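What follows is one structure encoded as structure tokens, with my remarks underneath.
Bear in mind that the values here come from a model prediction, so they are computed numbers and not experimental data. Just so it is clear: chains get the letters A, B, ... in the order the sequence lines come, proteins before strands, and each one is counted from 1. These values consider heavy atoms only, across backbone and side chains, with no hydrogens, waters or symmetry-generated copies.
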Amino acid sequence: MSKNNTVFIGENKNFWDRNRRSGGYLLKKRIGQIAVSVIRALLLFGLCFMIIQPLLTRFSMSLMKEQDLYDSTIILLPRNVTLDNYRIVAELTDLKNIGGGWTFNALLNTLWVSALISMLTIISTTLVSYGFARYEFPLKKFWFACVVAVIIIPPQTIQSALYMNFANFDVLKIFTLFGANAEGLSFGQRVLSLFDGTGTGLIQLITGNTLNLRANISAYAMMSLTCMGLKNGLYIYMMRQYFQGIPTSLEEAAYVDGCGTLHTFVRIMLPDALPTIASCFLFSFVWQWTDIFYTRLFLPITSISTYSNQMASMVTKMSRYFSADSSVAVVVPNARQQQLISIAVLICAIPLVILYIFTQRTFVESLAMSGSKE
Amino acid sequence: MNGGRKIVTMQKRRARTGYLFILPFIIGFILFMARPMIQSLIMSLSDVKIVPGQGYQMTWIGLDNFHTALSVDPYFNRYITDEIGRMVINTIATLVLSFVIAVILNQDFKGRTLARAIFFLPVILSSGVLPGIERQNEFYDMMAGVAESVEGAAGVNISASLQNLLSVSGVGSGVFDVVFQMIDAIYDIVMASGIQIIIFLTGLQAISPSLYEAADVEGCTAWESFWKITFPMVSPLLLVNSIYTIVDFFMKNDNRVMERITEVMYKDFRFGVSSAMSWIYFGVALVFILLSSFIISRAVKSAQ
């Protein structure tokens with residue numbers, strides 16, 4: 001039986017004939033395949049629809065005039081189409097001067113802040129992850145545990161300390177121990193001042209005042225340059241995985257040919273790791289674009305108006321905006337608020353979606369390439 | 001550099017280079033992580049007052065702030081228990097869902113690139129300010145309520161009617177409540193599983209196809225090779241993903257505990273209390289991370 005089968009299967013018989021010869025196996029297999037692909041298609045379609053549908057709803061809602069919002073017969077398609085809402089949101093979120101021209105101020109700020117911060121982040125995390133992947137040194141396990149700790153510890157735990165530190169920034173806060181500004185403090189308190197951040201530092205000693213670094217980007221730049229920015233532990237982890245996957249023979253060959261450490265790193269390792277570095281950069285950029293935690297902590301809205309900050313304060317601004325319009329205090333109806341917020345979400349997300357469409361290969365495929373080789 | 005000690009010096013030199021490479025991290029960790037941790041611990045144990053021009057002053061008050069956070073503050077307590085419940089359910093659901101989706105996206109079918117692109121959207125849409133801003137709006141809840149009641153009236157609220165059916169027919173309600181809670185929260189769960197899908201995908205792509213071929217030749221069904229090859233090979237990533245999910249959940253902006261901490265800090269300027277709150281919160285998070293990594297690493301070992 002089986003011998004006959006192998007002979008005939010290669011021939012160009014029709015499906016049912018082959019099925020009969022295989023004793024029903026072929027039909028079963030085919031039905032199974034079709035069932036799997038139908039279920040898969042349904043599941044994927046449902047989930048994809050669920051992800052996209054809110055975007056579409058927001059978009060159609062953004063075109064509605066205010067009266068359409070309260071009309072219960074209108075669900076998806078606007079009856080009175082208007083683009084005026086976009087103007088209002090632009091004025092609320094610092095993209096356009098009220099009654100004036102378009103400046104795109106908030107988005108441009110967000111652009112350069114995100115680009116700068118993710119650039120710094122990637123430079124430092126690449127160096128660090130390479131160090132972890134390739135070099136053996138004492139206490140390596142300990143420092144890597146610290147990287148894991150950075151991933152796990154929510155920055156919220158230290159946000160008040162960071163806030164205080166950067167609002168009253170100083171270097172070398174050790175002078176209280178030696179008696180500066182220490183009237184009436186016991187020795188124990190002076191020692192404590194080394195740790196709790198209340199000590200007097202070099203800048204206060206010279207100028208009499210501490211610096212407020214919260215008002216410009218330098219504090220955050222410092223954090224990102226030392227791998228303590230947004231999700232930096234994760235990037236170190238991902239890039240370390242990648243570097244570990246590159247065979248060491250490349251570097252050994254370079255070493256034999258007289259290539260120095262830095263030279264090897266820049267000329268051989270970096271080009272090889274470029275896709276992974278690029279995808280980490282894009283992640284960093286995207287997350288920085290929408291980030292509110294570090295932005296609120298380091299870049300208050302009064303200093304650099306970034307889009308995420310503008311969005312967060314939009315609701316409070318709204319009542320003032322509309323009351324200034326009609327010189328009467330107005331309570332903005334919830335539906336209207338929601339509509340305007342949706343527009344802001346769209347404006348915030350659309351540049352990222354466009355960026356993603358162009359760099360999709362870098363995002364997904366290169367990350368898949370890096371693989372985690374456990 | 002000279003003669004017999006050459007190997008040692010080489011090692012030492014490499015160690016020094018290694019330290020140079022990770023130097024940024026060490027500086028950052030000490031200055032912007034370890035020290036603020038100690039500071040915030042001290043802060044949570046003291047009364048913090050801002051002195052204009054002088055920085056701030058702290059007086060030691062022991063555990064008072066923790067007492068305030070846990071039994072005086074009207075919201076913190078309730079929020080934290082609510083969020084933990086939500087976290088446990090969401091983490092389990094996220095892991096299962098992202099694994100299933102990753103397995104599907106790893107298969108060959110038409111439109112795979114498009115599907116992958118769409119499943120990446122949540123990474124953008126659920127980050128930073130975007131999820132929180134919709135939540136803080138009451139209208140969102142109101143609309144959700146209206147939608148539910150409309151669905152209920154028209155008899156198309158499938159999950160609710162199914163739930164009724166099951167509870168009427170006497171199936172144990174506790175477990176089903178959890179399941180239906182997951183189904184109702186499916187949007188949140190999908191939005192939270194962008195990165196997890198990508199991590200699982202990387203793991204799946206690292207599996208050599210020859211393993212499946214061998215299994216196929218030996219007569220394994222797809223179901224068997226899924227449990228004997230795919231699952232054991234990818235299961236180490238379960239740990240990474242569960243930790244990531246828990247951390248992500250705890251740090252999200254739409255988390256009400258987070259909102260409360262920020263509120264206490266930026267609106268009331270009670271830095272001590274907000275530090276105590278975040279330490280309590282971190283402690284709880286850590287317990288859950290340790291617990292889940294313990295359970296998962298056990299399970300992974302037994303799976304292999």
Inset, instruction - Sort A:Val147 into side chain, backbone, both or neither according to what part of it lies under 4.5 angstrom from a heavy atom of chain B. - result: both

Inset, instruction - Go through the steps to decide whether A:Tyr237 and B:Val240 satisfy the test side chain to side chain contact (heavy atoms under 4.5 Å, CB included), and finish with yes or no. - result: CA-CA 11 Å; A:Tyr237 190 86; B:Val240 181; 4.2 Å; yes

Legend entry - Atom pair CD (B:Gln11) and CZ (A:Phe137), whose distance is rounded to the nearest 0.5 Å: 13.5 Å

Inset, instruction - Name the region of A:Leu297, side chain, backbone, both or neither, that has any atom closer than 4.5 Å to a heavy atom of chain B. - result: both

Inset, instruction - Taking the side chain as every heavy atom from C-beta outward, state whether B:Phe119 and A:Leu44 have any pair of such atoms under 4.5 Å apart. - result: yes

Legend entry - 4.5 Å side-chain heavy-atom contact, A:Phe49 and B:Ile118: no

Legend entry - Heavy-atom pair of closest approach, residues A:Arg40 and B:Phe109: NH2-CB, 3.5 Å

Legend entry - A:Glu136 side, atom CD; B:Thr17 side, atom OG1 - distance, nearest 0.5 Å: 12.5 Å

Legend entry - Check: B:Pro24 and A:Leu225 side chains under 4.5 Å, non-hydrogen atoms: no

Legend entry - Residue, of B:Ile246, B:Ile261, B:Leu97, B:Ile186, that accumulates the most heavy atom pairs under 4.5 Å with chain A: B:Ile186

Legend entry - Pairs of heavy atoms under 4.5 Å with chain A: top-ranked of B:Met37, B:Met191, B:Met277, B:Lys110: B:Met37

Legend entry - When A:Phe132, A:Phe45, A:Trp143 are compared by non-hydrogen pairs under 4.5 Å with chain B, the top option: A:Trp143

Inset, instruction - Check the pair B:Tyr244, A:Ile151 against side chain to side chain contact (heavy atoms under 4.5 Å, CB included), reporting the backbone distance first and the verdict last. - result: CA-CA 8 Å; B:Tyr244 183 84; A:Ile151 299 178; 5.6 Å; no

Inset, instruction - Counting only heavy atoms closer than 4.5 Å, note whether A:Met50 contacts chain B via side chain, backbone, both or neither. - result: both

Inset, instruction - Check each atom of B:Leu105 against the heavy atoms of chain A and say whether the ones under 4.5 Å are side chain, backbone, both or neither. - result: side chain

Inset, instruction - State the CD-OG distance between B:Gln107 and A:Ser37, to the nearest 0.5 angstrom. - result: 9.5 Å

Legend entry - Per-residue contact mode, B:Asn106 against chain A (heavy atom under 4.5 angstrom): neither

Inset, instruction - Name the region of B:Tyr281, side chain, backbone, both or neither, that has any atom closer than 4.5 Å to a heavy atom of chain A. - result: neither

Inset, instruction - Below 4.5 Å from any heavy atom of chain A, which atoms of B:Leu114 appear? Answer side chain, backbone, both or neither. - result: neither

Legend entry - Per-residue contact mode, B:Ile101 against chain A (heavy atom under 4.5 angstrom): side chain

Inset, instruction - Can you tell which part of A:Cys348 gets under 4.5 Å to a heavy atom of chain B, answering side chain, backbone, both or neither? - result: side chain

Inset, instruction - Below 4.5 Å from any heavy atom of chain A, which atoms of B:Leu204 appear? Answer side chain, backbone, both or neither. - result: neither

Inset, instruction - Output the distance between atom CD1 (B:Ile124) and atom CH2 (A:Trp289), rounded to the nearest 0.5 Å. - result: 11.0 Å

Legend entry - Any donor-acceptor N/O pair, A:Arg134 side chain to B:Gly18 backbone, under 3.5 Å: no

Legend entry - Approximate separation, where rounding is to 0.5 Å, of A:Ile152 CD1 and B:Ile243 CD1: 5.0 Å

Inset, instruction - Answer with side chain, backbone, both or neither: which region of A:Ser308 has an atom nearer than 4.5 Å to a non-hydrogen atom of chain B? - result: both

Legend entry - Best-contacting candidate, A:Leu234, A:Val150, A:Asp291, against chain B by heavy atom pairs under 4.5 angstrom: A:Val150

Legend entry - Part of A:Lys140 lying under 4.5 Å from any heavy atom of chain B: neither

Inset, instruction - For B:Tyr19 and A:Pro138, indicate whether the former's side chain and the latter's backbone hold a donor-acceptor pair under 3.5 Å. - result: yes

Legend entry - Pairs of heavy atoms under 4.5 Å with chain A: top-ranked of B:Ala34, B:Ala285, B:Ser278: B:Ser278

Legend entry - Largest heavy-atom contact set with chain B, pairs under 4.5 Å, which of A:Pro155, A:Cys48, A:Cys227: A:Cys48

Legend entry - Centroid separation A:Phe265 to B:Phe21 less than 6.0 Å: yes

Inset, instruction - Please examine the side chains of A:Ile153 and B:Val247, heavy atoms only from C-beta on, and report whether any two atoms are closer than 4.5 Å. - result: no

Legend entry - Leading residue by heavy atom contact count with chain B [cutoff under 4.5 Å; candidates A:Thr125, A:Thr290, A:Leu55, A:Asn309]: A:Thr290

Inset, instruction - Take A:Thr226 and B:Phe25 through the side chain to side chain contact (heavy atoms under 4.5 Å, CB included) test and state the conclusion after the steps. - result: CA-CA 5 Å; A:Thr226 52; B:Phe25 176 77; over 6 Å; no

Inset, instruction - Mind ranking A:Leu127, A:Leu47, A:Leu162 by heavy-atom pairs under 4.5 Å with chain B and telling me who comes out on top? - result: A:Leu127

Inset, instruction - Tell me, with the steps shown, if B:Val123 and A:Trp287 meet side chain to side chain contact (heavy atoms under 4.5 Å, CB included). - result: CA-CA 9 Å; B:Val123 174; A:Trp287 278 327; 4.0 Å; yes

Inset, instruction - Verify whether the ring centers belonging to A:Phe166 and B:Phe32 lie closer than 6.0 Å. - result: yes

Inset, instruction - Nearest 0.5 Å please: distance from the CE atom of B:Met33 over to the CG atom of A:Asn232. - result: 9.5 Å

